[in-house]
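Step one of this worksheet: look at the structure below.
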Amino acid sequence: MKRKRGGEEEGMDIVWQTPANPPHPHDYVFRNGIRFVRPYYFEFIAHVKNRWAGKTIVDLFAEEFKGRPYDYYVSAVKCGRIQVDGEIVSVSYVVKPSQKISHFLHRHEPPVMACDVVILQKEPDVLTICKPASVPLLRRYTHAVNIGRTLLLAFFKLSMAWHLYFVSKNAFWRRDKWLLILARNAAKADIFRQQIEAGLVHKQYIAKVVGEFPENELIVDANIDYNAREGRSTAEVRDSPKGKAASTKFTRISTNGTQSIVLCEPITGRTHQIRVHLQYSGHPIANDMLYLSEQTVDRSVKGWSADRSARISNVSLTSDLDEVLNACEENSNEDFSIDPMCTNCPNLAPKGSYNCRYDGDEDALWLHCIRYTGPGWTYECPYPDWAKLV
């Protein structure tokens, strides 16, 4: 969709558009192992909610959309980048319920690691892929380009006639690599859905954990209590009134005495269940900074390569991604046009966005979905490189 708008105070003649659908590889900028989306102009549309009514257009944006400074919204209203019902209004305009609000902006999408999206199996009704860590499954951005399905369309030139239905999506965003099952039609997706709801589909993961994991099979039964405000879960004793019942079976695959590779089979499905149950067992994922305690950080460092270990200070990690992004942004404007009103330009990444996606070593969380099994079928994903202990 393209639409020209002119007459702004900067004297620019801008084409407001969304990326190509399907996107083209040209929509991406690659720098130091990170895939950025080339910024594009986009019309964000909302309708005035009852609780917004009675506010001035500038106050509404400043209070409800705090990602930009107040002065930006003043300028955006004056030059027509923010409109009400398709009309330019004054900064003192008071909005009414259900009115259409348009915000024309220069959109910068959060970056992801530039790993290959590997197609594992391609069947008439099913497609399986290995989703790289950091790549989202669903769309937070209305026309997000850095998502699993869109990347498939862009880099494998899959037909838009492929109506892909995510079967194995457990969350919008996952830190780990992930085996994804996609049904290619609604009927097949419904079969998978029925099997999942009947408890007939089983998942297996592997994790690299701290210490020498017990040789015998270990079943952890501990409630999971998720705190949405803090974005983390805690394990509670089975009869605790807190949290939801949760159970995970663990089997050691190998160990070198410092770290272990463990097969993880969740019997229930709670937020961060495997990560929390491993922590509860005394063997957290060796690079999971959200659930590593001060005592286990020192133990986990021993298994890291020297270049990683050198970046650890006290009990926290220096974010490699922050360093890379800072380096990437130097002269990054060579790859796209700078918008004088944009609060993100001249950077490629939106300010602060990557922090929510890359937490510490987001690209390397040592947890990996390797297998889905159902009635008469099994889909597998190769072991990652970190699963080889030395």
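- Neither Leu200 nor Val126 shares a network with the other; the hydrophobic side chains, linked directly or stepwise wherever heavy atoms of I, L, V, M, F, W or Y lie under 4.5 Å apart, form separate groups for each.
- A donor-acceptor pair is defined here as one N or O able to donate and one able to accept, closer than 3.5 Å; such a pair exists between the side chain of Lys208 and the backbone of Trp386.
- Among all heavy-atom pairs drawn from Lys203 and Pro266, the shortest one is O-CD, 3.6 Å.
- Looking at heavy atoms from C-beta onward, Asp59 lies in side-chain contact with Thr56 at the 4.5 angstrom threshold.
- A salt bridge is defined here as a Lys NZ or Arg NE, NH1 or NH2 lying under 4.0 Å from an Asp or Glu carboxylate O, and Glu63 with Lys55 meets this definition.
- Cluster membership check: Leu367 does not share its hydrophobic cluster with Tyr226, using side-chain heavy-atom separations under 4.5 Å among Ile, Leu, Val, Met, Phe, Trp and Tyr.
- No option in Leu263, Leu278, Ile219 other than Leu278 meets the side chain to side chain contact (heavy atoms under 4.5 Å, CB included) test with Phe250.
- Taking each heavy atom of Asn185 and Lys188 in turn, the nearest pair found is OD1-N, 2.7 Å.
- The cationic group of Arg81 does not satisfy the cation-pi geometry with Phe104, failing either the under 6.0 Å distance to the six-membered ring centre or the 45° limit from the ring axis.
- Grouping the Ile, Leu, Val, Met, Phe, Trp and Tyr side chains by contacts below 4.5 angstrom, directly or via other members, places Ile191 apart from Val201.
- Under a cut-off of 6.0 angstrom, the local environment of CD in Glu197 is crowded, with over 12 non-hydrogen atoms contributed by other residues, nucleotides or ligands.
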Verify side-chain hydrogen bond (donor to acceptor under 3.5 Å, both in side chains) between Ser281 and Gln279, making sure each step is shown before the conclusion. CA-CA 5 Å; Ser281 74; Gln279 179 199 46; over 6 Å; no
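- A distance-only check finds no donor-acceptor pair linking the side chain of Ser260 to the backbone of Asn256 [under 3.5 Å].
- What you find for Ser233 and Val276 is that their closest heavy atoms are CB-CG2, 3.6 Å.
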side-chain contact (heavy atoms from CB on, under 4.5 Å) between Ile119 and Leu127, worked out: CA-CA 7 Å; Ile119 292 182; Leu127 181 76; 3.7 Å; yes
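- Atoms CD1 and NZ, on Ile129 and Lys122 in that order, are 13.0 Å from each other to the nearest 0.5 Å.
- Taking the side chain as every heavy atom from C-beta outward, Leu182 and Thr128 never approach each other to under 4.5 Å.
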Stepwise, does the salt bridge (charged side-chain N to carboxylate O under 4.0 Å, His left out) test hold for Arg38 with Glu109? CA-CA 8 Å; Arg38 197 179 304 278; Glu109 293 194 16; over 6 Å; no
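- When atom types are taken as modelled, the side chain of Thr248 and the backbone of His277 share no donor-acceptor pair closer than 3.5 angstrom.
- Residues satisfying the ring pair (Phe, Tyr, Trp, His ring centres under 6.0 Å) test with Phe61, not counting sequence neighbours, are Phe65, Tyr73, His103.
- Between Arg252 and Glu217, none of the side-chain N atoms (NZ, or NE/NH1/NH2) sits under 4.0 Å from a carboxylate O, so this pair counts as no salt bridge.
- Aromatic ring centroids of Phe192 and Trp377 lie under 6.0 Å apart.
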Take Glu43 and Ser102 through the test side-chain hydrogen bond (donor to acceptor under 3.5 Å, both in side chains) and record every step on the way to the result. CA-CA 6 Å; Glu43 179 184 5; Ser102 296; 2.8 Å; yes
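- Although no hydrogens or angles enter the test, the distance criterion places no donor-acceptor pair under 3.5 Å between the side chain of Arg68 and the main chain of Thr343.
- Linking Ile, Leu, Val, Met, Phe, Trp and Tyr whenever their side-chain heavy atoms come within less than 4.5 Å leaves Tyr70 and Val94 in two separate clusters.
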For side-chain hydrogen bond (donor to acceptor under 3.5 Å, both in side chains), just list the numbers for Gln273 and Thr268, CA-CA rounded to whole Å, side-chain angles, deciding distance to a tenth of an Å, and then say yes or no. CA-CA 8 Å; Gln273 176 175 312; Thr268 56; 2.8 Å; yes
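- Counting only heavy atoms from C-beta outward, the side chains of His368 and Tyr383 never approach each other to under 4.5 Å.
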For Glu64 and Trp52, run side-chain contact (heavy atoms from CB on, under 4.5 Å): C-alpha distance rounded to whole Å, both residues' side-chain angles, the deciding distance at 0.1 Å, then the answer. CA-CA 9 Å; Glu64 299 293 336; Trp52 295 355; 3.2 Å; yes
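- Residues Asn50 and Pro97 share a closest heavy-atom pair of OD1-CB, 3.6 Å.
- Ion pairing between a basic and an acidic side chain is recognised when a charged N comes within 4.0 Å of a carboxylate O; Asp288 and Arg275 show such pairing.
- The shortest heavy-atom contact between Val48 and Ile101 is CG2-CD1, 3.5 Å.
- Atom SG of Cys342 sits about 8.0 Å away from atom CG of Leu105, to the nearest 0.5 Å.
- No donor-acceptor pair under 3.5 Å is formed between the side chain of Asn223 and the backbone N or O of Glu236.
- A side-chain hydrogen bond (donor to acceptor under 3.5 Å, both in side chains) with Tyr379 holds for exactly one of Glu123, Gln121, Arg371; it is Glu123.
- Side-chain rings of His272 and Tyr291 approach one another, their centers coming within less than 6.0 Å.
- Across every non-hydrogen atom of Pro111 and Ala349, the tightest pair is CD-CB, 4.0 Å.
- The distance from atom OG1 of Thr234 to atom CD1 of Ile224, rounded to the nearest 0.5 Å, is 7.5 Å.
- A donor-acceptor contact shorter than 3.5 Å is absent between the side chain of Asp339 and the backbone of Cys345.
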Candidate pair Val210 and Thr258, rule side-chain contact (heavy atoms from CB on, under 4.5 Å), full reasoning: CA-CA 7 Å; Val210 172; Thr258 301; over 6 Å; no
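- The distance from the CD1 atom of Ile274 to the SG atom of Cys264 is 5.0 Å, given to the nearest 0.5 Å.
- No side-chain heavy atom of Ser254 sits less than 4.5 Å from a side-chain heavy atom of Lys388.
- Note that CD1 of Ile57 is 5.5 Å distant from CG of Leu60, once rounded to the nearest 0.5 Å.
- For the atom pair CG (Asp85) and CD (Glu87), the distance works out to 8.0 Å, reported to the nearest 0.5 Å.
- Taking the six-membered ring where the residue is Trp, His106 and His108 present perpendicular rings, their angle passing 60° and hence far from 30°.
- Distance alone, capped at 3.5 Å, places no donor-acceptor pair between the Glu230 side chain and the Asn227 backbone.
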Go through the steps for Leu348 and Arg31 under the test side-chain contact (heavy atoms from CB on, under 4.5 Å), then give the verdict. CA-CA 10 Å; Leu348 271 169; Arg31 291 183 176 276; 3.9 Å; yes
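- Note on Leu218: it clusters hydrophobically with Tyr205, by side-chain heavy-atom contacts below 4.5 Å among ILVMFWY residues.
- Tyr72 has its side chain out of reach of Val77: every pair of non-hydrogen atoms, C-beta onward, lies at least 4.5 Å apart.
- Put simply, the side chain of Ser98 does not reach to within 4.5 Å of the side chain of His47, judged on heavy atoms.
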Quick one, Tyr372 with Gln204, criterion side-chain hydrogen bond (donor to acceptor under 3.5 Å, both in side chains). Give me CA distance, side-chain angles, the key distance, then yes/no. CA-CA 7 Å; Tyr372 276 86; Gln204 293 181 320; over 6 Å; no
